[in-house]
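Structure first, then comments.
Quick note on labels: first sequence line is chain A, next is B, and so on, each numbered from 1.
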Amino acid sequence: MGNQMKVGIGTAISRVDGREKVTGAARYAAEYVVPDMLYGVIVSSAIAKGSITAIDEDAARSVPGIVEILSHKNRPGEAWFDRSYKDELNIPGTPFKALHDSTILFSGQPVAVVLGKTFEAARYAASLVAITYQEEAHNIDFAVSLAEKFLPKKKRNTYHPPKTRGEPDKAFDAAALQLHEEYHLATEHHNPMEMHASTVEWHGDGRITVYDKTQGSQGVQAYIASGFGFSKKDVRVVNAYVGGGFGSGLRPQYQTQLAVLAAKKTKRSVRVVMTRQQMFTHAHRPECTYSIKLGAETTGMFTSIYGDATTSTSRFENNMEDIVTWGMMNYASPNAGGEYTVAPRDTYTSADMRAPGAATGMTLFEIAVDEMAYKAKVDPLEFRTINYSEIDAMNELPFTSKALREAYREGAKAFGWSRRTPEPRSMTDGRELVGWGVATGMWDAQFSKTSASAKLSANGHLEVACATSDIGTGTYTVMTQVAADTLGLSITQITAKLGDSDLPTAPVEGGSWGAASSGAAVQLACQAVGKKLFKAAKGLEGDPFGAANFDDVEFVDGHMKLKGSDVAGVPLTTIMRSSGENSIEAEETASSGISGMISMMKKARNTHSAVFVEVKVDEDLNVVRVTRVVNAVAAGRIINPKTARSQILGGVVMGIGMALHEETFADVKLGRWMNHDYAEYHVPANADIYDIEVLFVDEPDPEVTPLGVKGLGEIGIVGTAAAVANAIYHATGKRVRSLPITIDKLLELEK
Amino acid sequence: MNRFDYARAGSLAEALRDGAGDDARYLAGGTNLIDLMKENVERPLRIVDINRLDLHGATELDDGGLRLGALMTNAETAYHPQVEQRFPLLASAILAGASPQLRNAATNGGNLNQRTRCYYFYDTATPCNKRDPGTGCGAIGGVNRIHAILGASPSCIATHPSDMCIALAALGAQVQVTGPEGDRTIAFADYHRLPGDEPWRDNTLRAGELVTGIDLPPDDFTSHYTYLKLRDRLSYAFALVSVAVAMKLEDGRIADARIALGGVAHKPWRRVEAEDTIRNQAPSTQAFETAASALLAGAIGQGENDFKVALARKAVVRALGQAAAGTPQSQIDKRVA
Ligand SMILES: Cc1cc2nc3c(=O)[nH]c(=O)nc-3n(C[C@H](O)[C@H](O)[C@H](O)COP(=O)(O)OP(=O)(O)OC[C@H]3O[C@@H](n4cnc5c(N)ncnc54)[C@H](O)[C@@H]3O)c2cc1C
Ligand code: SF4
C-alpha cells in the first residue's frame, strides 16, 4: 500500500467505468433484456399540423406476432392536468402528451406504437399502419415565425431578463464607432450517440422498473408517477449508463411516455427505442437571430451595448434562453440593455443543448466584439482586455473568482498570439490564407442540492452512492476520486453507484453542476463515515489516538493516522473489526446552506475561457481547416485533469461543428426536418479536428461551491464557434454572421 | 422489415435464376441496400446474396487493361498494387469516399448501383418520383443543397453519389454485365443515365442483370491525374462537387484530358467537347477556365445549390492545375493541393 498511486482530487486518472464501456459490459436503456418483453416501434406523423382522421391498422394487426397497436384511440387513461406532466425544467405551456388525442402538433410526432413479440415484426407492422390526416396550415420557417415573436408572460424560471444600465440608445447614437449587425445561428439537433430508449419492466404487482435514457432518474420517476397513475414508490428508474445527452435527456422524452402507456395497456414489459430519424423529432437547440448594436470610443472602449434576440420555440410551450445577457455581464460599458423574445413554430419545443443560451448568445456576441475591434483598429485580444470587467457588469456583483485575464494571457502565450499580424489576409501558407481568431467563453458555475451515501464494509471496501447521472462527463470517476481523497482509499477499494432513482436524492444532470454537487455530497458522506470510524477507533486496544480530536487525524493509504505523524496509523479494517459492525454508513446532503444562499445573491459565480483558433482557408475554393485551437479555461478547482480535459475537448469539437457544420434543414412546405440522419446532418469527423490544446488556469475559489469546483461540461463550447468565425475573417476578410459558416456562404461573399 | 426470401447464389446461373424479375435485389456489401430496406425505400421480395460468386479478384486483360471483379471491396480495389501503381486516380477517388469501415464492406458492383442520397428519396413520408413514381419531386423548391446543376429534369434533380464512378468515367471504363439474355459490355458513359421522365431508372441495367466486372483500359494516366472532392466537412461526407482529371502531357502540351464531375448530375458528368478545348494546348489557367465553361455550359441551380455552379468551376480549374503539375490531391492531407 505504501507506494500506492495518488488517486484523489486533482489526479488525472482514467475513467473507472472505462472498461465496462469499451467491453460492452455497460448496459444502456435499450440493452436490458426482460423476460416476455414486447418491442414497441413508433409510427411518426407525416404531417406537421392538423389531425388524424383515420387509422387503418388491419394490415399491421395481421402481421404474425403483433400484440397491440396503441394510438390515441385506445391508450390507457392518463392524468388530466398539464401540471401532472411538468418535469423538473418546468417549461411554461402545455407539455407534450404522446397519443393524447388526434391533434398533430409537429412533423414526426408519435401517433401510434406497434407492439410485437419481435422487433422485426413490430417494425414491419409499423410500416403498414396507414394514417389519414386532415392537414392545416403550418410554419416551421424561423424567418416567417418572427412576425409572431413575443415575450411570454409566464417566464421559464431559469430566465434572466436583461437589466438595462445607463442609456444605451443615446450612447449608441453619440458613439464615435458604431456597429449594428444581425447574427444568426441555425437549428441544431443534439444527437447523442445513444438514441432515446426506455425499457419498462412490468413486475405485475403494481411496480415498474424503467430503464431510461435520461439525464435524471428521479425526475422521470416523479413524472411517470404523476402523469401515468403510479405511486412514486412503485416506480424505479435506472439510467446507470447514458450514451451522451447534451441536454436532450433533461426532460422525459416521448419514448418514455409511449413505453409506460404500452406497458399499462398490455400489462407486460415493453421496450421502445427511437430511430436516428426520430431523434430529429424532439429536442433541438433553438434557432436564433440576434441584432447587436455596439458603440465605442475611438480607443475601443465600449460606450454602449445593445442586443435584441429571438429564439425559436413551439406553439405549445415557451422555451426561453438567456441570449443577450452574456455580453452585458462580461463587458464593462456604462450603457447596456437588451430585449428578448421567442418565436413559435410548428415543431417540438426547442430545448437546452450544451450551454443553452451562452453557446448561442455569447458566441454570436463575440463575433460582434471582433468586428468592433477591427473598427477601432485594436488587436482583438487587447480589445477584450480594454473592456474587461472585474465584476458582473449587468448585475453589478463581484465574482467569487474570475481568472479570465489569466486565461487570456496564458492562452495567448501557448498559442503564440503575439506573432499575429493584424490585417485580414495578411498571413498565408502556400495557397491557404491563415487566420487567427480569439473569443471569450462564459458559463454559470452552479450548485444544486444533492445527497449521497457512503458505506464502509468490514473488509475495507467503500461504496458511495447518489442518484445523479453520468452522461459521459465522468461522474463515476469524480465520485470515486472524492471518496478516495476523503477516506484515503485506493480506487479499487471503492465502488460508485449512480443512475438509479432508489439512491440518495439528486437533481437532473445538466448545467455543469454535477461534479460540484455530487462531489460535495460524496465528500460529506465520506467525512461522516470518517467521524464514525474515529469514534469506533476509541475502542481500539491501547487507544492509539488517545486525546486526539477528529480534526487531528487524517486518512492515508487505507489507514487512519495522526496528522504529521511518521507512523502509518491503524488500518481501517482493524478499526472495523474492533467495532464489531459489518459496515459503517452515512448519508449526507450538500446544499448551499444559508451562508451559501447569501453569497449566491451577493456574488456572481461563473466559469470563463479564452479560445484561440487558427484556420487555414483555401484562397479560391474556400475549404476551411481549423488547424489549431487553444482553449484556456478558468473553472476553479479541477478534480480530474484527464476527464476535465476530455470535457473541454468535446466542447471544442462541438463548437467547431457549430461554426462549420451543424444545421438541420427545414422543408418549409412539408414542415419537416429533412437531413435527419448522421450521413447528412454533419458533425465534425476526425479529419476536421487537428490540434486542440486545453489549459486550466489557476483559479482557487473556496467560495463558489464546497469543493471549489465550478463544472466543465459546457464551458468548452462557449465562444469556440466565434473564435473560428473570427479566424476566418482574419484569414479571408469575409465576415459571415450566420452559423454554420458553410462553403456557399463564403463563396457568396465573393460576388 | 418486410418479409422476403433470401437465396445465396452459388453460381452465376443460380444468381440469374433467383435474381430474375423486378422484385429481386442482389445483395453485395449491403451498405446501401440494407439501409434503404430499413427505411422502407426498397422493399424487395427476394434477396439474392451474391457474395459467394467468384467475382472477387482483379485479372489482367489481354489488351493490358485490368478487370476488377464486381465483388472486390472498395478497399481491396484501392489498395490493390496494380490499381495503386497503374490507376492511382481510381484509388484516390475510392479513398475520398465514405469511411474505412464502409469501404471494407462496399463492393465495386454495389458502388456503381448505389442510389441517390436525396433526402426525400430516403424519407417515405415525402413525395419523390424516383421512389414512388408520380408523387412529385420534393427536392424541387425544397431542400436541395446537394442536388444537381446539370442534366436534371422537371421530374428529378437527384445526383449520383459515388466517388469511384467519377474516376471510372474519366478513365473510360467498361462495365461487364451478364443477364438472362447473355453477356454485355456497357461503356461507362452509357451505364448511368439522366433522370428524364423516368427518374426511377438510375442506370441502363436491365431487370435481372448482374454486374460481373469493371474493365479499366490500359491508358497511362499515372503522372497527371487528380481527384478533388469538395464537401461539407473534410471527410465522410458526399461530394458537393468532385472532379476527376486524367491527363497526358507531351512536350508541354496536353495530349489527352478527361474531366469528370461528381455531385452535379444524375450520372458522372463528362463532355468530350470540354476536353477537346484543351487538347494540344499548353496548361494555363485561361485554358482551364475555357474547359470549365464548356463542361458547365447550361449549369443551373435549384436555389439552395446555386453555389455549386461557381464552386464546380473553381474546382475544375484547380483540379486541371493539380493534374498538369503532377501534384494530385492527397486523400490523407486535407489541404487542397
Ligand atoms: C454513411 C455513408 C457514407 C457514404 N459515403 C460515400 C462517399 O463519400 N462516397 C461514395 O462513393 N460512397 C459513399 N457511400 C456509399 C457506399 O460507397 C455504397 O453504399 C457502397 O459502395 C455500396 O456497395 P455495397 O456492396 O454495399 O452495395 P449493396 O448495398 O449490397 O448494393 C447496392 C445496390 O447495388 C446492387 N448491386 C450490388 N452488387 C451488384 C451487382 N454486382 N450487380 C448488379 N447490382 C448490384 C444491389 O442490388 C443494390 O441495389 C456511403 C455510404 C454510407 C452508408
Ligand atoms: S430529386 Fe429525384 S430523388 Fe429527390 S425527391 Fe426529386 S425525384 Fe425524388
query: Among B:I146, B:N144, B:V143, whose side chain to side chain contact (heavy atoms under 4.5 Å, CB included) with A:F665 holds?
result: B:V143

query: Side chain, backbone, both or neither: which part of A:A126 has an atom under 4.5 Å from a heavy atom of chain B?
result: neither

field: Distance-only donor-acceptor check, side chains A:D667 and B:Y120, under 3.5 Å
entry: yes

query: Between A:D429 and chain B, which part of the residue has a heavy atom less than 4.5 Å away: side chain, backbone, both or neither?
result: both

Short side-chain donor-acceptor distance under 3.5 Å, A:H661 and B:D232: no

message: For B:E39, which atoms come within 4.5 Å of any heavy atom of chain A: side chain, backbone, both, or neither?
response: side chain

Portion of B:D35 that has a non-hydrogen atom of chain A nearer than 4.5 angstrom: neither

- prompt: With a cut-off of 6.0 Å (strictly less than), are more than 12 heavy atoms of other residues, nucleotides or ligands near CD of A:Q134?
  reply: no

field: More than 12 heavy atoms from other groups under 6.0 Å of CG on B:D333
entry: yes

Salt bridge present between A:E120 and B:R3 (N-O < 4.0 angstrom): no

statement: Heavy-atom closest pair (B:G142 atom, A:K669 atom, distance to 0.1 Å) is N-NZ, 4.4 Å

Full working for salt bridge (charged side-chain N to carboxylate O under 4.0 Å, His left out) between A:R672 and B:D123: CA-CA 10 Å; A:R672 193 170 174 91; B:D123 183 342; 2.7 Å; yes

message: Show the nearest heavy-atom pair for residues B:T126 and A:M674, with the distance to one decimal.
response: CG2-CE, 4.0 Å

task: Check whether any side-chain N or O of B:R233 sits under 3.5 Å from a backbone N or O of A:V683 as a donor-acceptor pair, and report yes or no.
output: yes

message: I want to check something: taking the side chain as every heavy atom from C-beta on, are B:R145 and A:T742 in contact at a cut-off of under 4.5 Å?
response: yes

- request: Pick one of side chain, backbone, both or neither for A:D620, based on which atoms fall under 4.5 Å of a heavy atom in chain B.
  value: both

- prompt: Tell me, side chain or backbone of A:L128 under 4.5 Å from chain B's heavy atoms, or both, or neither?
  reply: side chain

query: Top residue by heavy-atom pair count (under 4.5 Å) with chain B, among A:Q277, A:E748, A:K616?
result: A:Q277

- prompt: Is it the side chain or the backbone of A:L747 that comes within 4.5 Å of chain B heavy atoms, both, or neither?
  reply: side chain

- line: So CZ of A:R276 and NZ of B:K38: to nearest 0.5 Å the spacing works out to 12.0 Å

task: Under the side-chain contact (heavy atoms from CB on, under 4.5 Å) rule, what do B:Y122 and A:E680 come out as? Steps first, then yes or no, please.
output: CA-CA 11 Å; B:Y122 262 81; A:E680 296 300 334; over 6 Å; no

- prompt: Where does A:Y678 contact chain B at under 4.5 Å (heavy atoms): side chain, backbone, both or neither?
  reply: backbone

message: Is it true that, when you exclude B:I300 itself, more than 12 heavy atoms of the residues, nucleotides or ligands shown sit nearer than 6.0 Å to its CD1?
response: no

field: Side chain to side chain, A:D744 and B:L311, heavy atoms closer than 4.5 Å
entry: no

field: Student check: side-chain heavy atoms of A:D618 and B:R318 closer than 4.5 Å
entry: yes

query: Does B:L228 reach the side chain of A:L621, with side-chain heavy atoms less than 4.5 Å apart?
result: yes

task: Indicate the atoms forming the closest heavy-atom contact of A:A685 with B:S235, along with that distance.
output: CB-O, 3.9 Å

message: As an exercise: rank A:A687, A:S107, A:A46 by heavy-atom pairs under 4.5 Å with chain B and give me the winner.
response: A:A687

field: Exercise: identify the closest heavy-atom pair between B:K334 and A:Y690
entry: CB-OH, 3.7 Å

- request: Answer whether the closest heavy-atom distance between the side chains of B:R231 and A:H682 falls below 4.5 Å.
  value: no

